[in-house]
Amino acid sequence: MSPATSDWVERSAEEIAESVREGKATAEEVTRAFLARADSTAPRLATFLHRMPEEALASARALDARRARGERLGALAGVPIALKDNICTRGIPTTCGSRILEGYRPPYDAHVVERLAASGAVVVGKTNCDEFAMGSSTENSAYRPTRNPWDLARVPGGSSGGSAAAVSAREAALSLGSDTGGSVRQPAAFCGVYGLKPTYGAVSRYGLVAFASSLDQIGPFARTARDTALLFNAICGRDARDMTSRPEAVPIALDSLERGVKGLSIGIPRDILAGEGIAPAIRACFERAAAALRTAGASLVDVTLPHAKHAIATYYLVATAEASSNLARYDGVRYGLRAKDGNLTQMYEATRGQGFGREVKRRILLGTYALSAGYYDAYYLRAQKVRTLIRRDFATALEKADALLFPVTPTTAFPIGEKVDDPLAMYLNDIFSIPASLAGVPALSFPAGFDEAGLPIGLQLAGRPFQEETLLRVARAYEAADDAAARIPAIAKERA
Amino acid sequence: MPIDVSTVRKIAALARLRVEPAEEERMARELGAILTYVEQLQALDLEEIEPTSQVTEGAPPALRPDEARPCEVRDEALAEAPDRDGDYFRVPQVV
């Protein structure tokens, strides 16, 4: 007997796909359950910029018809998934949270969108994000802020806040975001879900609207370690259309995640933990998690990341420089907003002046300055050299340890409006997430506990290139011993 | 390192980005604060260090042959144009 329709939103992606493949459930009934949930919660959370109920039901019915014909369905058959609005979906609005792309419909699908279609996943909508992925709270969306399902007065994190919140509230079983300096891991931590930044090159960026090309990676959000691996498997690997994507990125065998942590060595970077500004609840959660992993059979070893303290400065030169180049294409000529004003140059200036929000403008100007004549050596080149040192720090630490354990964020989710007026204060949120981005190594945020206010705490595991399996294996071992990932926000417990 | 409004104007011109006069002071202040923060990198000894511009490990993949392929989505792409003239994007005069 199949579960009550409303219970489908509680099932893992793995269970849903198996049920649909075996004919125990139709993709349509599963999709309807998640659409009904989003009908109730999305207006309050503002998770979506564009919902796709008709397309989702059409996809679901097509899957059911294929199954009825005896076809074998894919690994994510019938699983509702949400996509961050900086991922191109053909014919479907893709705004990147910006007014400069209001109404824009890409003429092509991103590589990951094609892969999801092949796997049988059902796209239910495009989620809200900080404009062009620039931000740590989703408050920089030109449209509206998204709210944290655990406390609607708080941010869900950013820039992939909508994708994180959608999974947390069970509006989708899975979602995709993008991570440049922490934009998957940080909202995952704030929303109490898993968020993975793959190794740079593990997932094709074809069709991901570019922010900083040497840092951007599309990453999965899910509610279990196994679901995270399932989604990673559906999107990873070499794509000829992205020259930075690598054949070394191969699917993870889900069974290998059950091996436990005996014999694994977990590195603890004591120097970055020594910093001030880490909330006591997060520090306590970290120590408990390290102890739990030791009890489970891992050995703990002290490591250092001596140049991590320069990561924010490095990032806000490298990423903004790359962004200033990538966002030069928004000029009002071929698509998106065009402001009518005088000659061509005036049109460019007016279009970009009107179409971009304040944070985007700040970063474009910073990046332009860092690359400009007379400043290139002092700023951009220097930052690229510090990046080399940060990469080396990780490589050295990961000779001694199979994975590093440290916080994702210095605090839990902060109130909406608290940090919008202080850009630098907002940037300092990224202190733990940026280093792994600069190094290009895989990093996972996993639900580890809650603070006194009942807000989720995420912790971070970073590992060797293309060793996402090790990170998920450690997280799975933690998940088996702790129920943080299983707890549900109140908004997701409401029965229609 | 603080920067002044005239510098903001120069960078904005380079970036083809209009910053409204009412926003210029604030932008100068905010950029100045960030530039002051990144000054910390000046103190490091980076003499022997190579810059990283790409974190991708391993040999670069083989390039595909330099063969032209038809663009299948030409009309769809042109349909997004703010001002289209057949196969062209129409823009204001250049000068």
Side-chain angles (χ1 to χ4, degrees), chain A residues 104-105 107-108 200-201 214 238 240 243-244 246-248 310 312-314 316-317 324 328 331-338 342-350 352-354 356 358 361-362 364-366 368-369 372 378-379 381-389 391 423-424 427 439-440 465, chain B residues 3 7-8 10-20 23 26-27 30-31 33-44 46-58 60-64 71-84 89-95:
Chain A
Y104 172 67
R105 292 170 189 264
Y108 70 108
Y200 182 81
S214 77
R238 170 110 182 107
M243 284 299 283
T244 62
R246 302 295 308 182
E248 292 90 329
H310 301 298
I312 294 179
T314 302
Y316 280 98
L317 287 170
S324 73
D331 56 14
V333 174
R334 290 151 298 151
Y335 47 78
L337 179 76
R338 176 187 291 194
N343 64 24
L344 186 62
T345 302
Q346 288 161 337
M347 184 194 92
Y348 290 158
E349 291 173 344
R352 292 158 64 77
Q354 284 174 37
F356 288 140
R358 193 178 283 133
K361 283 189 201 167
R362 246 194 308 268
I364 290 173
L365 292 176
L366 200 48
T368 304
Y369 187 71
S372 63
Y379 289 121
L381 193 61
R382 182 156 272 267
Q384 286 193 313
K385 291 183 176 187
V386 181
R387 186 173 186 179
T388 300
L389 295 176
R391 265 188 99 192
L424 199 49
Y427 296 168
Chain B
I3 62 168
T7 304
V8 172
K10 280 194 206 120
I11 312 166
L14 287 173
R16 297 289 186 267
L17 189 62
R18 182 165 301 154
V19 177
E20 294 302 326
E23 297 284 306
R26 179 178 180 165
M27 192 60 85
E30 289 170 345
L31 291 176
I34 299 164
L35 287 167
T36 302
Y37 178 80
V38 303
E39 289 291 305
Q40 62 180 263
L41 300 184
Q42 302 304 324
L44 296 170
L46 301 171
E47 199 55 47
E48 304 295 313
I49 312 298
E50 284 299 303
T52 294
S53 53
Q54 241 322 324
V55 290
T56 315
E57 312 244 348
L63 300 177
R64 69 173 170 87
C71 172
E72 292 143 9
V73 296
R74 186 181 194 176
D75 252 315
E76 250 176 285
L78 283 165
E80 291 297 314
D83 190 353
R84 177 184 181 178
F89 299 100
R90 190 160 40 206
V91 295
Q93 65 186 69
V94 176
V95 288

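From a predicted model like this one, the values you see are computed outputs, not experimental measurements. Proteins come first, then strands; the chains are lettered A, B, ... in the order of their sequence lines, and each starts at number 1.
Heavy-atom pairs under 4.5 Å with chain A peak, among B:Val55, B:Thr7, B:Val38, at B:Val55. Across A:Thr244, A:Val333, A:Leu337, A:Val386, the residue that shares the most heavy-atom pairs under 4.5 angstrom with chain B is A:Val333. Ranked by heavy-atom pairs under 4.5 Å with chain A, the first of B:Arg84, B:Glu50, B:Glu30 is B:Glu30. The residue among A:Arg358, A:Glu248, A:Arg105 with the most heavy atom pairs within less than 4.5 Å of chain B is A:Arg358. Interface check for chain B: of the options A:Arg338, A:Met243, A:Gln346, A:Lys361, the most heavy-atom pairs under 4.5 Å are formed by A:Arg338.
With a 4.5 angstrom heavy-atom cutoff, B:Ile3 touches chain A only via side-chain atoms. For a residue to count as touching a neighbouring chain, one of its non-hydrogen atoms must lie under 4.5 Å from one of that chain's; by this rule B:Arg90 touches chain A with the backbone only. In this structure, the portions of A:Ala383 lying under 4.5 Å from any heavy atom of chain B include both its backbone and its side chain. With a 4.5 Å cut-off on non-hydrogen atoms, B:Arg64 does not touch chain A at all. For A:Ala350, the parts lying near chain B are the backbone and the side chain together; criterion is any non-hydrogen pair under 4.5 Å. For chain B, no part of A:Gln354 is nearby; none of its heavy atoms comes within less than 4.5 Å. Within the 4.5 angstrom heavy-atom criterion, only side-chain atoms of A:Met347, from C-beta onward, approach chain B. Looking at A:Leu424, the atoms closer than 4.5 Å to chain B (heavy atoms on both sides) all sit in the side chain, from C-beta outward. With a 4.5 Å cut-off on non-hydrogen atoms, A:Arg246 touches chain B through its side chain but not through its backbone. Heavy-atom distances place no part of B:Asp75 under 4.5 Å from chain A, backbone and side chain included. Contacts between B:Val94 and chain A at a heavy-atom distance below 4.5 Å involve backbone atoms as well as side-chain atoms. Both the backbone and the side chain of A:Thr388 come within contact range of chain B, judged by heavy atoms closer than 4.5 Å. Neither the backbone nor the side chain of B:Glu20 comes within contact range of chain A, judged by heavy atoms closer than 4.5 Å. For A:Leu317, the part lying near chain B is the side chain, with the backbone staying farther off; criterion is any non-hydrogen pair under 4.5 Å. Contact annotation for A:Arg391: only side-chain heavy atoms (C-beta onward) come within less than 4.5 Å of a heavy atom of chain B. Residue contact with chain A, scored on non-hydrogen atoms closer than 4.5 Å, involves the backbone and the side chain of B:Gln54 alike.
Shown here for A:Ser372 and B:Leu14, the closest heavy-atom pair between the two residues is CB-CD1, 4.3 Å. Across all their heavy atoms, A:Arg387 and A:Ser214 have their closest contact at NH1-OG, 2.7 Å.
No option in B:Leu44, B:Ile49, B:Leu41 other than B:Ile49 meets the side chain to side chain contact (heavy atoms under 4.5 Å, CB included) test with A:Lys385.
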Using side chain to side chain contact (heavy atoms under 4.5 Å, CB included), reason through B:Val19 and A:Leu365 one step at a time and then give a plain yes or no.
CA-CA 10 Å; B:Val19 177; A:Leu365 292 176; 4.0 Å; yes

Kindly determine whether A:Ile364 and A:Arg352 satisfy side chain to side chain contact (heavy atoms under 4.5 Å, CB included), including the steps that lead there.
CA-CA 11 Å; A:Ile364 290 173; A:Arg352 292 158 64 77; 4.2 Å; yes

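Within 6.0 Å of the CZ atom in B:Arg74, the count of heavy atoms belonging to other residues, nucleotides or ligands does not exceed 12.
We find the OH-OH distance between B:Tyr37 and A:Tyr316 to be 10.0 Å, quoted to the nearest 0.5 Å. To the nearest 0.5 Å, atoms OH (A:Tyr369) and CG (B:Leu35) are separated by 6.0 Å. Going from atom CG of A:Leu389 over to atom OG1 of A:Thr314 covers 8.5 Å, rounded to the nearest 0.5 Å. Remark: A:Leu381 CG to B:Leu46 CG distance equals 9.0 Å, nearest 0.5 Å.
In this structure, B:Glu39 has no salt bridge (Lys or Arg N to Asp or Glu O under 4.0 Å) partners at least two apart in sequence or on a different chain. Residues meeting the ring pair (Phe, Tyr, Trp, His ring centres under 6.0 Å) test with A:Tyr335, sequence neighbours left out: A:Tyr104.
The main-chain N or O of A:Ala378 is found under 3.5 Å from a side-chain atom of B:Gln42 such that the two form a donor-acceptor pair.
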